[in-house]
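Inspection log for the structure reproduced underneath, given as structure tokens.
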Amino acid sequence: MSSTHPVQVIAVTGGKGGVGKSNVSINLSVCLAGMGRRVALLDADLGLANIDVLLGLRPKHNLEDVLVGECSLNDIMLTGPGGIRIIPASSGTQRMTMLGSMEHAGLIHAFSEISQQIDVLVIDTAAGISDSVISFVRASQEVLVVVCDEPSSITDAYALIKLLNKDYGVDRFRVIANMTRSTQEGRNLYNKLTQVTDRFLDVTLQYVGNIPFDESIRKAVQRQRPVVELSPRSKAALAYKQLAEKVDLWPLPSTPRGHLEFFVERLVQGVPGQ
């Protein structure tokens with residue numbers, strides 16, 4: 001793989017808490033690793049980290065230590081299921097939820113040190129529309145919006161998309177329906193969202209499928225394992241594998257977009273005249 005090979009960066013977000021972003025992030029990461037990709041998973045809920053808890057990991061250091069200069073990213077990375085690399089955040093630390101724009105930029109630039117080691121960075125964002133959520137989403141190439149069958153989920157997803165579009169010019173989003181009772185329910189959720197985005201925003205939404213409601217997920221969470229490992233033939237696991245196959249076909253970035261983004265130096269190297 002050449003030194004200028006770009007890293008695929010995917011922000012998993014949704015606005016509302018409780019829609020299953022972390023499960024989507026973990027299982028998508030493990031599936032991509034199973035396809036031969038070198039995957040890092042960033043827990044970007046800087047104040048209430050939960051990826052390590054969901055996977056039964058006990059990090060000694062986290063992103064807060066990187067921010068204050070005590071550790072490098074390489075120092076804090078843990079090896080998770082399927083060989084994915086986990087970048088843990090802090091929990092119960094208010095300071096990390098109140099970072100300024102320069103500190104967010106510093107964290108994003110810090111990832112350049114691991115750019116040679118990974119093919120894909122999956123970012124599990126926090127709930128809501130805080131500055132950190134906006135920073136991490138804008139610095140990604142792909143925005144995967146998770147929605148479920150609750151009115152507040154659609155409302156909050158729309159609010160997030162509207163903010164990113166109106167204030168920051170983000171105009172392309174991918175949507176996955178989670179915990180659905182049927183394939184049609186997933187499609188209906190997507191249609192509800194596009195009805196309002198088509199009317200009020202200048203954005204492109206692409207539906208990438210649904211993850212069915214599956215008791216296997218609850219059992220996997222209790223066992224602190226990804227469902228794709230614990231119950232690989234379950235409906236949810238098969239849906240995650242289909243999602244990973246689609247994600248693997250998404251085009252890689254080729255040029256910088258002119259604002260703060262992850263691994264931008266890999267893109268600049270590939271631009272003629274640089």
Side-chain angles (χ1 to χ4, degrees), residues 1-14 20-45 51-52 54-55 57 63 73-74 76-89 107-125 133 135-146 170 172-176 178 206 208-209 211 226-229 237 239-257 260-270:
M1 195 164 288
S2 73
S3 63
T4 56
H5 184 81
V7 179
Q8 187 175 42
V9 185
I10 304 160
V12 180
T13 191
K21 292 188 299 293
S22 296
N23 267 317
V24 170
S25 300
I26 290 168
N27 286 284
L28 172 60
S29 296
V30 174
C31 287
L32 287 168
M35 297 167 65
R37 300 290 173 259
R38 300 173 300 167
V39 183
L41 171 56
L42 166 62
D43 190 339
D45 193 338
I51 293 289
D52 54 331
L54 284 168
L55 294 175
L57 301 171
L63 277 176
L73 269 185
N74 272 310
I76 71 168
M77 283 199 295
L78 305 169
T79 300
I84 66 174
R85 308 304 301 279
I86 309 289
I87 299 155
L107 276 181
I108 290 165
H109 284 308
F111 277 77
S112 296
E113 75 177 71
I114 64 167
S115 62
Q116 302 281 2
Q117 305 169 37
I118 63 173
D119 304 313
V120 184
L121 174 64
V122 176
I123 303 169
D124 181 34
T125 71
V133 172
S135 291
F136 286 128
V137 170
R138 287 190 70 216
S140 307
Q141 294 112 26
E142 299 285 356
V143 186
L144 182 59
V145 181
V146 183
V170 182
R172 190 169 57 84
F173 302 84
R174 304 193 191 256
V175 178
I176 185 158
N178 197 24
Q206 181 185 6
V208 296
I211 308 297
V227 72
V228 294
E229 278 198 354
Y240 277 123
K241 288 168 187 168
Q242 287 183 342
L243 172 63
E245 288 168 0
K246 291 178 181 177
V247 169
D248 197 49
L249 296 174
W250 291 352
L252 290 169
S254 56
T255 56
R257 289 167 296 163
L260 181 65
E261 57 189 301
F262 285 99
F263 310 114
V264 70
E265 74 288 341
R266 301 295 285 273
L267 303 178
V268 171
Q269 286 176 26

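Computed from a predicted model, the values in this text were never measured in an experiment.
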Rounded distance (nearest 0.5 Å) linking atom CG of Leu57 with atom CG of Leu78
5.5 Å
So His109 and Leu260, side-chain contact (heavy atoms from CB on, under 4.5 Å) or not? Walk me through it.
CA-CA 9 Å; His109 284 308; Leu260 181 65; 3.5 Å; yes
Before you tell me yes or no, could you show the steps for Glu245 and Met35 under side-chain contact (heavy atoms from CB on, under 4.5 Å), namely the whole-Å CA-CA distance, both residues' side-chain angles and the distance that decides it to 0.1 Å?
CA-CA 8 Å; Glu245 288 168 0; Met35 297 167 65; 4.2 Å; yes
Distance check, rounded to the nearest 0.5 Å: Trp250 atom CH2 versus Arg174 atom CZ?
5.0 Å
In short, Ile114 meets Met77 closest at the heavy-atom pair CG2-CE, 3.9 Å
Atom pair CD/OG of Glu261 and Ser135 - distance to nearest 0.5 Å
13.5 Å
In Å and rounded to the nearest 0.5 Å, what is the CD1 to CG distance from Ile84 to Leu32?
10.0 Å
Tell me the closest heavy-atom pair linking Ser25 and Ile123, and the distance in Å.
OG-O, 4.4 Å
Can you give me the closest heavy-atom contact between Ala44 and Thr125, atom names plus distance?
CB-CA, 4.1 Å
Any donor-acceptor pair under 3.5 Å from Lys21 side chain to Gly14 backbone
no
Examine distances only and state if a side-chain atom of Asp124 and a backbone atom of Ile26 form a donor-acceptor pair shorter than 3.5 Å.
no
Spacing of Ile87 atom CD1 and Asp52 atom CG [to the nearest 0.5 Å]
13.0 Å
Donor-acceptor contact below 3.5 Å, side chain Asp43 vs main chain Ile51:
yes
Straight-line distance of Asn27 CG to Leu41 CG, nearest 0.5 Å
10.5 Å
Quick one: are Leu55 and Pro226 in side-chain contact, heavy atoms under 4.5 Å?
yes
Do any N or O atoms from the side chain of Glu229 and from the backbone of Gly82 form a donor-acceptor pair under 3.5 angstrom?
yes
Do any N or O atoms from the side chain of Ser115 and from the backbone of Phe111 form a donor-acceptor pair under 3.5 angstrom?
no
Backbone N or O of Arg85 within a donor-acceptor pair of the Thr79 side chain at under 3.5 Å?
no
Kindly determine whether Asn23 and Tyr240 satisfy side-chain contact (heavy atoms from CB on, under 4.5 Å), including the steps that lead there.
CA-CA 10 Å; Asn23 267 317; Tyr240 277 123; 4.0 Å; yes
Testing the basics here: between Pro6 and Pro253, what is the closest heavy-atom pair and its distance to 0.1 Å?
CG-O, 3.4 Å
Is there a donor-acceptor contact under 3.5 Å from the side chain of Gln8 to the main chain of Leu252?
no
Do Val39 and Leu28 have side chains that approach each other closer than 4.5 Å (heavy atoms only, starting at C-beta)?
no
If we ignore hydrogens and angles and just use 3.5 Å, is the side chain of Arg38 paired with the main-chain N or O of Gln116 as donor and acceptor?
yes
Restricting to non-hydrogen atoms, name the atom on Ser22 and the atom on Leu54 that form the minimum distance, rounded to 0.1 Å.
CB-CD1, 3.5 Å
Could you check whether any side-chain N or O of Asn178 sits under 3.5 Å from a backbone N or O of Val146, counting only pairs where one atom can act as donor and the other as acceptor?
no
For Pro81 and Val30 the tightest heavy-atom approach is O-CG2, 3.8 Å
